[in-house]
Amino acid sequence: MTMHGLCLDVFSHTNLFTSVKAVKFTRVQLQRDSVYDFVSKCPCLEDLHLIDCQIPSSSFELIAPESNLKCLVVQYCDGNGGFEHAYIHIPTLLQLKFVGSFTTGYLSIYNSENLMEAEIDILYCPSNKHKLLCKLLNDVHNVKSLTLYSSNLEVLNTNGGISLPTPFNNLMHLIVKLGQADGELLGLMCLLRNSPCLETLSIDFHRRICEIEDEILSAVYNVDERAVLGPHLLPSECIAHLIEIKIENFLGVKAEMEFVRLILLSSLGLKEMVMCIRSIYNFLKHVMGEEHHTTLKKKKADTIESLLACTRASPYAKILLK
């Protein structure tokens, strides 16, 4: 069931939805406690999506230990310019996606032992954002699949990025969305060092067009420049179970190439690394014009040559170019 542009308070006073299993609210004005009221009146509800909803409060709370909710998505909901706090207490929860911002506080997830999959994209404003992010990661440390975005990975690197209070001992699948490669890749290295059972890693680079053009035209990848990522940052025992890597929108700029070289040198059990290159270079050709065609063609060829020349610790590792 999907509802748009309504006031959820209407539904908190009815028992018409006792058999509903999945609900999606988009651009709905939520009244205080209306989400809890709705969940409590829907004993069969397993899947709840709140997209771009208005919440007349500085905090979001969904404390429903008696519910049967399995999947919760809270995305672009507004607590008068960003939440101060958000509290989620649903022991049955298996999947969680939270996208939003916090002005002074943080997101807390209680009794998350059953949580299997989490997607987090949070913009923190407080000066102690590293501490707040580590607290959240501790709340979801049991997950088997985790998706993080650029702002959070950059935060992980602000305090040295050496270790996390609680490692992700059950994490098998990690998905990251990166923007500025240098600092965020260091944050990613922190996650890798604290995910000893990781099997698959997916990286997607997202950049502003102006930044892409500057990087390409200035040919920033130069083997003589100071290294951004040192070999000591990723001991091989940290990623002993990593077997598959996929990197989308790979340009081959300095930090990206260093990361690939380092992870190939450290992944003893790697079987496949898929590098998606062609689509981003075709897009750049379209955006930057024919006058840069020769430069882009050479950069792409150099990137492919450098990738295929990388030393691999695993005798089974294949590099697939797409």
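We're numbering straight along the sequence, starting at 1.
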Can you name the closest pair of heavy atoms from Ala313 and Ser267 and give their distance? CB-O, 4.0 Å
Checking Tyr316 against Glu272: is there a side-chain donor and acceptor pair closer than 3.5 Å? no
Quick check against the 3.5 Å criterion: does Ser40 have a side-chain atom that pairs as donor or acceptor with the backbone of Asp37? yes
Backbone N or O of Asn138 within a donor-acceptor pair of the Thr166 side chain at under 3.5 Å? no
Checking side-chain hydrogen bond (donor to acceptor under 3.5 Å, both in side chains) for the pair His173/Thr200: CA distance, chi angles, key distance, verdict? CA-CA 5 Å; His173 311 290; Thr200 70; 2.8 Å; yes
Salt-bridge contact Asp302-Lys298 (side-chain N to carboxylate O under 4.0 Å): yes
For residues Tyr106 and Leu164: do they belong to one hydrophobic cluster (side chain heavy atoms under 4.5 Å, members Ile, Leu, Val, Met, Phe, Trp, Tyr)? yes
Indicate, with yes or no, if Met257 and Leu320 share a hydrophobic cluster defined by side-chain heavy-atom contacts under 4.5 Å among Ile, Leu, Val, Met, Phe, Trp and Tyr. no
Would you confirm whether Ser202, through its side chain, and Ile175, through its main-chain N or O, come within 3.5 Å as a donor-acceptor pair? no
Any non-hydrogen side-chain atom of Ile63 less than 4.5 Å from a side-chain atom of Tyr36? no
Could you check if a side-chain atom of Val176 sits within less than 4.5 angstrom of a side-chain atom of Asp204, using non-hydrogen atoms only? no
Please determine whether side-chain contact (heavy atoms from CB on, under 4.5 Å) holds for the pair Leu178 and Leu185, giving the CA-CA distance in whole Å, both sets of side-chain angles, and the decisive distance to 0.1 Å. CA-CA 8 Å; Leu178 303 183; Leu185 279 173; 3.6 Å; yes
With hydrophobic residues grouped by side-chain heavy-atom distances under 4.5 Å, do Phe98 and Leu93 end up in a single group? yes
Taking side chain to side chain contact (heavy atoms under 4.5 Å, CB included) as the criterion, tell me which of Leu242, Leu201, Leu264 meets it with Met273. Leu264
Would you check, one step at a time, whether the test side-chain contact (heavy atoms from CB on, under 4.5 Å) holds for Leu148 with Leu188? CA-CA 9 Å; Leu148 286 180; Leu188 172 58; over 6 Å; no
Which pair of heavy atoms, one from Pro65 and one from Pro91, lies closest together, and at what distance? CA-CD, 3.5 Å
So, taking the atom named CG in Leu191 and the one named CG in Leu146, what distance separates them when rounded to the nearest 0.5 Å? 7.0 Å
Are any non-hydrogen side-chain atoms of Glu244 and Glu199 less than 4.5 angstrom apart? no
So which of Leu307, Ile280, Val274, Ile203 actually passes side chain to side chain contact (heavy atoms under 4.5 Å, CB included) with Phe250? Leu307
So, for Lys246 and Cys276, which heavy atoms are closest and what is the spacing to 0.1 Å? CE-SG, 3.9 Å
Can you measure from OG (Ser279) to CG (Leu284) and round to the nearest 0.5 angstrom? 9.5 Å
Measure the CG-SG distance between Leu137 and Cys190 for me, rounded to the nearest 0.5 Å. 8.5 Å
Determine whether a donor-acceptor pair (N or O, by modelled atom type, separation under 3.5 Å) exists between the side chain of Asn152 and the backbone of Ile122. yes
With a 4.5 Å cut-off on side-chain heavy-atom distances among I, L, V, M, F, W and Y, is there a chain of contacts connecting Leu174 to Ile243? no
Write down the atom of Asn114, the atom of Leu94, and the distance for their closest heavy-atom approach. O-CD2, 3.3 Å
More than 12 non-hydrogen atoms from neighbouring residues, nucleotides or ligands closer than 6.0 Å to CD on Glu237, yes or no? yes
Is Asn169 close to Pro196 at the side-chain level, that is, under 4.5 Å between some pair of heavy atoms? yes
I want to check something: taking the side chain as every heavy atom from C-beta on, are Ile90 and Leu72 in contact at a cut-off of under 4.5 Å? yes
Nearest-0.5 Å distance, SG of residue Cys42 to NZ of residue Lys21: 13.0 Å
Nearest 0.5 angstrom please: Ile247 CD1 to Lys322 NZ, how far? 13.5 Å
Donor-acceptor check, side chain of Ser34 to backbone of Leu30, threshold 3.5 angstrom: yes or no? no
Taking atom types as modelled, find out whether Asp139 and Ser112 have a side-chain donor-acceptor pair closer than 3.5 angstrom. no
Phe205 backbone acceptor or donor facing Asn249 side chain under 3.5 Å: yes
Say whether Gln29 and Gln54, considering side chains only, have a donor N or O and an acceptor N or O under 3.5 Å apart. no
Using side-chain contact (heavy atoms from CB on, under 4.5 Å), reason through Phe259 and Ile263 one step at a time and then give a plain yes or no. CA-CA 6 Å; Phe259 174 80; Ile263 204 164; 3.7 Å; yes
Quick one, Arg278 with Lys300, criterion side-chain contact (heavy atoms from CB on, under 4.5 Å). Give me CA distance, side-chain angles, the key distance, then yes/no. CA-CA 8 Å; Arg278 294 187 179 91; Lys300 178 182 175 182; 3.8 Å; yes
Over 60° means perpendicular and under 30° means parallel, so tell me whether Tyr110 and His89 are parallel, tilted or perpendicular. perpendicular
Within the distance-only criterion (no hydrogens, no angle test), does the side chain of Lys70 pair as donor or acceptor with the backbone N or O of Asn68 below 3.5 angstrom? yes
Do Ile277 and Leu296 belong to the same hydrophobic cluster, where Ile, Leu, Val, Met, Phe, Trp and Tyr are linked whenever their side-chain heavy atoms lie under 4.5 Å apart, directly or via other members? yes
Measuring only between side-chain heavy atoms, which start at C-beta, is Val73 closer than 4.5 Å to Leu48? no
Write down the atom of Ser314, the atom of Leu270, and the distance for their closest heavy-atom approach. OG-O, 2.6 Å
Rounded distance [0.5 Å steps], CG in Leu96 versus OG1 in Thr147: 11.0 Å
Please determine whether the number of non-hydrogen atoms from other residues, nucleotides or ligands lying under 6.0 Å from atom NZ of Lys131 exceeds 12. no
For a 4.5 angstrom cut-off between non-hydrogen side-chain atoms, does Ile109 reach Leu107? yes
For the residue pair Ser108 and Lys135, confirm or rule out a side-chain donor-acceptor distance under 3.5 Å. yes
Within the 4.5 Å heavy-atom criterion, are Met275 and Ile319 side-chain neighbours or not? yes
Keeping the roles fixed (side chain from Arg27, backbone from Cys53), state whether a donor-acceptor pair exists under 3.5 Å. no
Do side-chain atoms of Ser67 reach the backbone of Ala64 as a donor and acceptor pair under 3.5 angstrom? yes
Answer yes if the side chains of Asp47 and His49 hold a donor-acceptor pair under 3.5 Å, and no otherwise. yes
Looking at every heavy atom in both Lys24 and Ile51, which two are closest together, and how far apart are they? CE-CG1, 4.0 Å
Do side-chain atoms of Tyr281 reach the backbone of Leu251 as a donor and acceptor pair under 3.5 angstrom? yes
